[in-house]
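To start, the structure under review is shown below, and the notes come after it.
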Protein chains: 2
Amino acid sequence: MTRASSTTKTYNQDCSDCPIRHRAVCARCEGDELEQLEQIKYYRSFEAGQTVVWAGDSMDFVASVVTGIATLSQTMEDGRRQMVGLLLPSDFIGRPGRETSAYDVTAATDTVMCCFRRKPFEDMMLRTPHIGQRLLEMTLDELDAAREWMLLLGRKTAREKIASLLTIIARRDASLQLSMADGELSFDLPLTREAMSEYLGLTLETVSRQMSSLRKEGLIVTEGKRHITIPDFDRLLEETGDDSDGGFLV
Amino acid sequence: MTRASSTTKTYNQDCSDCPIRHRAVCARCEGDELEQLEQIKYYRSFEAGQTVVWAGDSMDFVASVVTGIATLSQTMEDGRRQMVGLLLPSDFIGRPGRETSAYDVTAATDTVMCCFRRKPFEDMMLRTPHIGQRLLEMTLDELDAAREWMLLLGRKTAREKIASLLTIIARRDASLQLSMADGELSFDLPLTREAMSEYLGLTLETVSRQMSSLRKEGLIVTEGKRHITIPDFDRLLEETGDDSDGGFLV
DNA sequence: CAATTTCCTTGATGTAGATCAATCCTGATG
DNA sequence: CATCAGGATTGATCTACATCAAGGAAATTG
């Protein structure tokens, strides 16, 4: 369906069929500007588990996730790891004006990224205010997400953390694909138990136990290790500890 | 020395002596633009502990902290609270394009804010690209800070959390005031134990115990409840769990 | 200058989640 | 089809931090 699982690098493909257009930087670009973006753009593919860049490595591009899921993580000297970013299709990677990555960037699933060479991209930003505006919007959204995440890390119980993560993934996936019928909803979990534990600030054992517990109570149904069905989304929402206003897709 | 502890509201003061200029939105404004900012600007003062806005309340301004410290917090239904933002002088409050506050905004100390009426400010952003650019820079910095904070919340021990908070405050204060001589360094802690606990995702009892423990080990010296002296900054840094590269002010 | 209030400290005890250690799937490989 | 490897699960035990509870110090008030 898409070129998600291909591993060929492809340069300068036409942007018009590029799935990132609905949200990412080039969404409002036209004519000349699209032309310019084409010049500095190329695609890269990564397999699940592959590292894109390590924290501290130089990074001469910014990028947008096309398909798949990438993560940002920080590592402490003794190996403790915390995920600090979860990037779904259309999310932006990299910081204009920064030459090295501050985080480990990893492909959680097979992933395709649309990269823009950094220097010319920065130049273009100066000439094209709406790219900066778009970036500001996206950054503010990420900041809000980070703050939600901080509440989760600082104050939620293990069970609430798991329930929250499942609803977050379900919601974000929902806008893209996902099968759903009358409140029942299912999707493929794109993270290993270990990645989940890094997201949530838990150990993978605790993640596993809480998943089992939710399964036993019928809040989720699993098929294989990764496919999840949520029979009653609202019931799971009640386990997140969040305000239960807002309907399905807030 | 400044108007920090005054409680009078003052409108349309001259921006030229405004302490926010070194970092905040108007840093690069000139002539006309400064003129326009003057038109939509006013000062507000808050006493320590006072709430600026509650989460969900409408907020018709954006602002910059002039003096004092403000915090952003989230509250769960059952009262669990997590601080998600710590705003020092020159930091920006509010989100262009958002009509209600997503967080509780509280003055941690006596605080003066320089407010801009939101609508005209947004209009001005569209006309004046460098304001947006400035805002993007600041938002990216905040996002980095949030991610550092996530590592703290998700993976650090109580002791590491306390040490980290002390170094964060010391560092940020350092650029503004603070007395320091050969690696010794002292400052007034602008947060109650409770506020510290909300920052760190701990209880205030744990904060108190860890402070006592650092005191007993000579890593910090206290005078009264709030004044802290750090006799050897590097030794405290070692307790944070962070990479110990970078010198004093990285 | 008592009395209150606010903030902080310290102790005793409980518990959620970490740690250590087997075992179990499921799909890949020779 | 036996072996293996990389997840995932589950159990037994430990411990860091939370919770509950009782003071204590310093500022604030009548």
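Throughout, protein chains are lettered first and strands after them, A, B, ... in sequence-line order, and every chain is numbered starting at 1. Just the heavy atoms: all of them, side chains too, but no hydrogens, waters or symmetry mates, feed the values below.
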What is the distance, rounded to the nearest whole Å, between atom [atom1] of [X] and atom [atom2] of [N]?
| X | N | atom1 | atom2 | value |
| --- | --- | --- | --- | --- |
| A:D78 | C:dT19 | CG | C1' | 15 Å |
| A:Q210 | D:dT10 | CD | C1' | 13 Å |
| B:H227 | D:dA25 | NE2 | C1' | 19 Å |
| B:I162 | D:dC17 | CD1 | C1' | 12 Å |
| A:R80 | C:dG17 | CZ | P | 18 Å |
| B:L204 | D:dA21 | CG | C1' | 13 Å |
| B:R155 | C:dT19 | CZ | C1' | 13 Å |
| A:M211 | D:dT9 | CE | C1' | 12 Å |

The side chain of A:R193 lies closest to which of these nucleotides: C:dT9, D:dC17, D:dA8?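 Comparing C:dT9, D:dC17, D:dA8 against the side chain of A:R193, the answer is D:dA8.
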* Asked: Nearest of C:dT9, C:dT19, C:dT26 to any side-chain atom of A:K225?
  ->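 Out of C:dT9, C:dT19, C:dT26, the nucleotide with an atom closest to A:K225's side chain is C:dT26.
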> When you match B:S212 and A:T206 each to their closest nucleotide on DNA chain C, which lands nearer the 5' end?
Replying inline: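 The residue mapped nearer the 5' terminus is B:S212.
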For C:dC7, take OP1 and OP2 only and decide whether either is under 4.0 Å from a side-chain N or O of B:T192.
->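 For C:dC7, OP1/OP2 do not have a side-chain N/O of B:T192 under 4.0 Å.
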Query raised in the report: Taking OP1 and OP2 of C:dT26, is either one under 4.0 Å from a side-chain nitrogen or oxygen of A:R226?
Result: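 Checking A:R226 against C:dT26: no side-chain N or O falls below 4.0 Å of OP1 or OP2.
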query = Would one find more than 12 heavy atoms of other residues, nucleotides or ligands at under 6.0 Å from atom CD of B:E217?
reply =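 Above 12, so yes.
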Report task. Indicate whether any N or O donor in one side chain lies under 3.5 Å from an N or O acceptor in the other, for A:T51 and A:D104. Result ->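 No - no donor-acceptor pair under 3.5 Å links their side chains.
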### Query
So what does B:G201 touch, heavy atoms closer than 4.0 Å: a base, only the sugar-phosphate, or nothing?
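Sugar-phosphate contact only.
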Look at all strands and tell whether B:R215 reaches a base, only sugar-phosphate, or nothing, counting heavy atoms closer than 4.0 Å.
->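 The residue B:R215 makes sugar-phosphate contact but no base contact.
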Taking donor-acceptor contacts at under 3.5 Å, does the side chain of [X] reach the base of [N]?
| X | N | value |
| --- | --- | --- |
| A:R209 | D:dG11 | yes |
| B:E205 | C:dC8 | no |
| B:E194 | C:dC8 | no |

Would you mind reporting whether B:R80 and A:T157 have side-chain heavy atoms less than 4.5 Å apart?
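A side-chain contact exists here, since the closest heavy-atom pair is under 4.5 Å.
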Once rounded to the nearest 0.5 Å, what's the spacing between atom CD of A:E160 and atom CG of A:L165?
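A:E160 atom CD to A:L165 atom CG measures 13.5 Å (nearest 0.5 Å).
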- Would A:D78 and B:R155 pass as an ion pair if we require N to O under 4.0 Å?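 Salt bridge: no.
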